[in-house]
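Quick notes on the structure that follows.
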2 protein chains.
Amino acid sequence: MTLENVSSNKVFGGWLKQYNHHSDTVNCQMRFAIYLPPQAATQKVPVLYWLSGLTCTDENVMQKSGIQRIAAELGIAIVAPDTSPRGESVADDSEGAYDFGLGAGFYVNATQAPFNTHYQMYDYVVNELPELIEQHFPVSQQRSISGHSMGGHGAISIGLKNPQRYQSISAFSPICNPINCPWGQKAFNGYLGTDKQDWLEYDSTELMKLTQASVPMLVDQGSDDSFLAEQLKPQTLIDVAKEQEYPLTLRMQEGYDHSYYFISSFIEDHLRFHAKYL
Amino acid sequence: MTLENVSSNKVFGGWLKQYNHHSDTVNCQMRFAIYLPPQAATQKVPVLYWLSGLTCTDENVMQKSGIQRIAAELGIAIVAPDTSPRGESVADDSEGAYDFGLGAGFYVNATQAPFNTHYQMYDYVVNELPELIEQHFPVSQQRSISGHSMGGHGAISIGLKNPQRYQSISAFSPICNPINCPWGQKAFNGYLGTDKQDWLEYDSTELMKLTQASVPMLVDQGSDDSFLAEQLKPQTLIDVAKEQEYPLTLRMQEGYDHSYYFISSFIEDHLRFHAKYL
C-alpha cells in the first residue's frame, strides 16, 4: 500500500501529516491526517481515532480543536479519516444536501446502489485504516476512538461493536439514536434501505442494549446545541446506560453549542480520559 | 455607534462574539471578533489586540490558535479586527492578488487613490476600534498588541509608534522590514505612493531605529517558514534592537513553518508574556 504525503506541519514539537492513499475498501482515493506526538520519534505510541461530523474532512479537528497540545503532552497519536469517499465517481445526495452523500458517510457499510460501490466507511475505519496506520507509523495496537456529532455516532457505534479493538470511547454531541432522528433516518434509508431491522446494528442506543462489554465511555453535550432535541437525543443513551449499568459518563455542558469552540473547551478532558486506558 | 452582534459562542467559560459596525474611519461596514474571558462577567479586563495576516479575517486566530484557553485562564480579552475594508465599493488589487487590496490592508493609512477612500486601517486599529471596544465592553484601558505575518508588521509598527497606548508587543513571523521585501514594497507603493520617504513611518525596523521608548517585545519565527528569507527578514530587526538596546526577545523556533499550527504551539508563551505587563 502506497501512502502519498501531501502536507507536513510541526505542531507542539510533533508532526501533523496528511496522506492520500488508494483504499480497496471504499474503492477510491482517500485522505487522512495523523498527528505524531514528539514521543513517536523514539517509541511506539497509542492512537486515538477521531471521526468528524457532517461536512467535515480530516482537517477540522486538526485545525480547530487544539488537540495536538494535549496529545503531545500525553504521547498519543491522533488519526482523522475523511467523513466519506470522495471523487467524481462517488454518488452524492440527489440534491447535494449536506446531510447525505459526500461528507456524510455515517460510518456504515452501504448496501443500496449506487452508494454501496464506495460508501463502506465502517469497514474503512474499523479495519483498513488501522491496518495502514499500524503498518506505516510508529504506533502500538492500543486504540481508542472519539468523534463529533455524526462522528460521535460513529465512535460510539464502532466502539460498542468492537470492544476488543478499542480501550475507551468518547464523543462530543453524538447522534445517539440515529434510527429515531431525521439525520439518521435519511442516511440509513439511503445507505441501508427501508428495512429498519438492518438499521439496528449501527444505532448506538440499540447496540448498548445488547452489548456484553463495558468499554469506558465519556460523552460531552452542550446544553445550547441547536441540534440537541431533534437530532442528538442523549437521554436515550443515558436511559439505556442506566438500565444496562454501562460505564457511561455523560456531561451536559451549560451554554455550549455544537461548534468546535465547544470541542476545544473540553478536548483536554477527553484525551486525559483516554490516556487512562491507553 | 451601533454594534450588530452576528455570532456568539461559549468557549472555555467565556464568550466569543462577532460584531458588524459602520466605521467612520474606513468608511464602510467592518466586522471584528472579541473573546471575553469568564472574568469579564464581574470585572474589567485588559485587552490584547490581534492583527491577522494576508487573506485572513477576524476568524483565523479565534478558530485556529487556541488562544481562548489561555485568555480564559489569565483574564485577558482578545480583539481581532479584519485585515482590510470590505465590500463592493472597496477597491481591490487590479488582478485580485492575495497580497494587496482586500484582505491585505497592511495596517497603513493609504494616501493614494482609489485606496485612500477606505484603506485607513492604521487609524482604525489604533483609534476607532479601541474606542469602540472600551465604550461597549467590560474592558480596561490596558492594551497590548500582537499579530501574525502582515499582522506582525502591524503589531510591531503600531506598538513602536504608540508606546503610550500599548503595554507590550509580540508577533509571530512578522514582516520586519517591509520597505525591503516584495510584499511590503508592493503594498506601500500602492497605498502610499512612490516616495519611499513616506514608507518609513510604517517600517518596523526603521521605527525601532528612531524610538525613544522601550515597550517589551517578543517575536517567534519558524526556521522552516517558506517566507523567511525573502519576505520576513527578522535579522534586520535583531540588528537594530541590538544597536538600540531595545528589549526585544526574538526566538527562532526550529522546524516550524508559517501556519497557525506554529502559532498554536507558542501562543501560550505570548499571552503569558503580555500578562506580565497588563
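Throughout, protein chains are lettered first and strands after them, A, B, ... in sequence-line order, and every chain is numbered starting at 1.
Of the atoms belonging to A/Leu16, it is side-chain heavy atoms, and not backbone ones, that fall under 4.5 Å from chain B. Residue B/Ser65 does not touch chain A at all, counting heavy-atom pairs closer than 4.5 Å. Residue B/Asn9 touches chain A through both its backbone and its side chain, counting heavy-atom pairs closer than 4.5 Å. Within the 4.5 angstrom heavy-atom criterion, atoms from both the backbone and the side chain of A/Tyr256 approach chain B.
Taking a 6.0 Å sphere around NZ of B/Lys17, one finds it holds more than 12 heavy atoms contributed by other residues, nucleotides or ligands. Within 6.0 Å of CD on A/Glu254 lie no more than 12 heavy atoms contributed by other residues, nucleotides or ligands.
Separating the OG atom in B/Ser264 from the CD atom in A/Gln63 is a distance of 10.5 Å, to the nearest 0.5 Å. Atom CD of A/Gln68 and atom OG of B/Ser265 lie 7.5 Å apart (nearest 0.5 Å). Of the inter-residue distances, the one linking A/Phe12 atom CZ with B/Glu268 atom CD reads 7.5 Å to the nearest 0.5 angstrom.
Nearest approach of B/Val11 to A/Tyr261, heavy atoms of both residues: CG2-CB, 3.5 Å.
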Item to check | Check against side chain to side chain contact (heavy atoms under 4.5 Å, CB included), A/Arg69 and B/Arg69 | outcome: CA-CA 11 Å; A/Arg69 181 179 64 86; B/Arg69 181 179 64 85; 3.1 Å; yes
